[in-house]
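Here is the structure we will look at.
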Amino acid sequence: MKILLSFLLRLLLAVIPVGALVWGAENFDYFDYAIVELGFPSWEMASYVTRLLIGMQCGLGVALLFSGNRNKQILSTYLVLASLFFAISVLQVTVLPLNRVYFGYWELFKWNVWQGPIIWFLSVVCGYILKLKDRENFLQAPNWLRITIIAAGIAIPFVLNYPPQWAIYGEKGIAESKDNLMVDSLSLYQSSYLHLMDPKELNSGKKLVCFASLTCPFCIRAAYKLHVLRTRNPQAHCYMILTGDPSILELFEQRTSCQNVPRMLLNDALFNQITGGSVPKIYLVDNGKITHRLPYW
């Protein structure tokens with residue numbers, strides 16, 4: 001019975017980070033933005049740090065299946081990382097501005113914003129139970145095999161989604177564009193929702209303008225990234241032109257924390273006329289004229 005319980009604990013410790021990795025492979029940028037806003041890594045380093053952390057956690061979890069009770073270093077390192085993920089997930093749903101962009105289990109199940117903290121807390125508790133109570137030495141493997149497993153775990157997230165994302169999706173760089181932003185149309189349009197910016201501001205100076213839909217997942221990420229950019233650079237001239245049902249604008253703002261980005265809401269017809277219906281569209285604008293188009297990634 002003790003051997004079975006020990007195996008189940010170890011299996012659970014392996015499954016939790018692997019589950020987060022499998023789901024998070026296409027959502028690592030959520031995690032990237034979160035730790036960037038915490039102030040630790042740069043934008044460039046965030047992609048590597050997040051993949052290294054979750055990959056190491058996955059490798060350690062699987063290695064625990066082949067580690068007896070004398071192998072405390074693996075379990076101790078696992079507990080440190082599990083505690084870190086638990087702390088970040090708690091911060092996401094409580095006090096920090098990043099609390100509307102989630103990594104891992106909330107995005108998977110969506111039954112409650114606290115499900116991520118609960119699952120990572122379960123991982124921490126099971127790890128401590130294993131550390132304090134487990135005395136089983138079954139499935140004891142040589143050190144070289146455990147090291148190989150940990151190294152493979154670290155490598156997997158880089159293989160699944162190599163940073164930065166343009167390595168997969170193709171980076172075309174900043175393209176020159178002579179399109180008209182149609183600022184006059186923006187200014188004339190009377191939205192039923194209060195404009196949280198003055199469209200006439202786009203007529204002067206250099207700006208970055210992001211066209212986004214309230215329901216597009218990539219737009220949600222782009223809006224959150226603009227929020228972080230403005231948080232770090234309050235004087236940055238960034239604007240968002242949004243489209244969608246006004247009733248979900250508040251949810252979009254909560255989810256992306258984009259209240260610090262000047263924005264307005266357009267009806268679908270005018271928005272599609274300007275963007276061609278493809279979002280997110282991100283432009284550099286000089287005195288009301290588009291000069292360059294930026295790739296999303």
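- Remark: Phe271 engages Phe211 in a ring-ring contact (aromatic ring centres under 6.0 Å, His included) (not counting sequence neighbours).
- In terms of heavy-atom proximity, Arg230 sits nearest to Ala236 at NH1-O, 2.7 Å.
- Between Leu208 atom CG and Met240 atom CE the span is 11.0 Å, to the nearest 0.5 Å.
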Check your understanding: Does the side chain to side chain contact (heavy atoms under 4.5 Å, CB included) test come out yes or no for Leu284 and Lys206, once each step is laid out?
Key -> CA-CA 7 Å; Leu284 296 181; Lys206 296 180 178 181; over 6 Å; no
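- Expressed to the nearest 0.5 Å, how far CD1 of Ile290 lies from CD1 of Ile282 amounts to 12.0 Å.
- Contacts of Val125 classified as side chain to side chain contact (heavy atoms under 4.5 Å, CB included), with partners at least two apart in sequence or in another chain: Phe121, Ile129.
- Interatomic distance, OG1 of Thr50 versus CE of Met45, reported as 10.0 Å (0.5 Å rounding).
- The same ILVMFWY cluster, assembled from side-chain heavy atoms under 4.5 Å apart, contains both Val15 and Ile149.
- Residues Arg263 and Glu253 come closest through the heavy atom pair NE-OE2, 2.9 Å.
- Within the structure, ring pair (Phe, Tyr, Trp, His ring centres under 6.0 Å) pairs that include any residue of residues 240-259 do not occur (at least two apart or interchain).
- Heavy-atom minimum distance, Leu13 versus Ser123: CD2-O, 3.3 Å.
- To the nearest 0.5 Å, the span separating NZ on Lys207 from OG1 on Thr291 amounts to 13.0 Å.
- Annotation: side chain to side chain contact (heavy atoms under 4.5 Å, CB included) contacts of Ala212 (sequence neighbours excluded): Cys210, Cys219, Leu242.
- Looking at every heavy atom in both residues, Pro157 comes nearest to Leu21 through CB-CD1, 3.7 Å.
- Leu226 has its side chain out of reach of Cys258: every pair of non-hydrogen atoms, C-beta onward, lies at least 4.5 Å apart.
- Remark: Asp268 engages Thr243 in a side chain to side chain donor-acceptor pair (under 3.5 Å) (not counting sequence neighbours).
- By the rule that hydrophobic residues join a cluster once side-chain heavy atoms approach within less than 4.5 Å of another member, Leu60 and Val49 end up as members of one cluster.
- Of the possible donor and acceptor atoms, one in the side chain of Asn287 sits under 3.5 Å from a partner among the backbone N and O of Gly205.
- Residues that satisfy the side chain to side chain contact (heavy atoms under 4.5 Å, CB included) test with Ala152, not counting sequence neighbours, are absent from this structure.
- Contact annotation: the side chain of Val80 never approaches that of Leu84 to less than 4.5 Å [non-hydrogen atoms, C-beta and beyond].
- In this view, Ser83 satisfies the side chain to side chain donor-acceptor pair (under 3.5 Å) rule with no residue, not counting sequence neighbours.
- Looking at heavy atoms from C-beta onward, Val261 lies out of side-chain contact with Met197 at the 4.5 angstrom threshold.
- Here the side chains of Val90 and Phe86 are in contact, with some heavy-atom distance below 4.5 Å.
- The side chain to side chain donor-acceptor pair (under 3.5 Å) test applied to Asp245 returns Ser247, not counting sequence neighbours.
- Residues passing the side chain to side chain donor-acceptor pair (under 3.5 Å) test with Glu201, sequence neighbours excluded: Tyr239.
- The side-chain heavy atoms of His292 and Tyr283, taken from C-beta on, include no pair separated by under 4.5 Å.
- For Arg146 against Ala63, the heavy-atom pair with the smallest separation is CD-O, 4.1 Å.
- Taking the side chain to side chain contact (heavy atoms under 4.5 Å, CB included) definition, one finds that Leu79 meets it with Leu75, Tyr128, Lys131, sequence neighbours left out.
- Taking CG of Leu294 as the start and NZ of Lys281 as the end, the distance is 12.5 Å to the nearest 0.5 Å.
- Of all heavy-atom pairs spanning Pro262 and Cys238, the tightest one is CD-O, 3.2 Å.
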Practice item. In sequence, state the C-alpha distance, the side-chain angles, and the governing distance for Ile54 and Phe85, and then conclude on side chain to side chain contact (heavy atoms under 4.5 Å, CB included). Key: CA-CA 9 Å; Ile54 193 65; Phe85 291 135; 4.1 Å; yes
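- Both the sub-6.0 Å distance and the 45° axial angle are satisfied by Arg221 relative to the ring of Phe218.
- Here the CG-CZ distance, from Leu12 to Phe7, works out to 11.5 Å after rounding to the nearest 0.5 Å.
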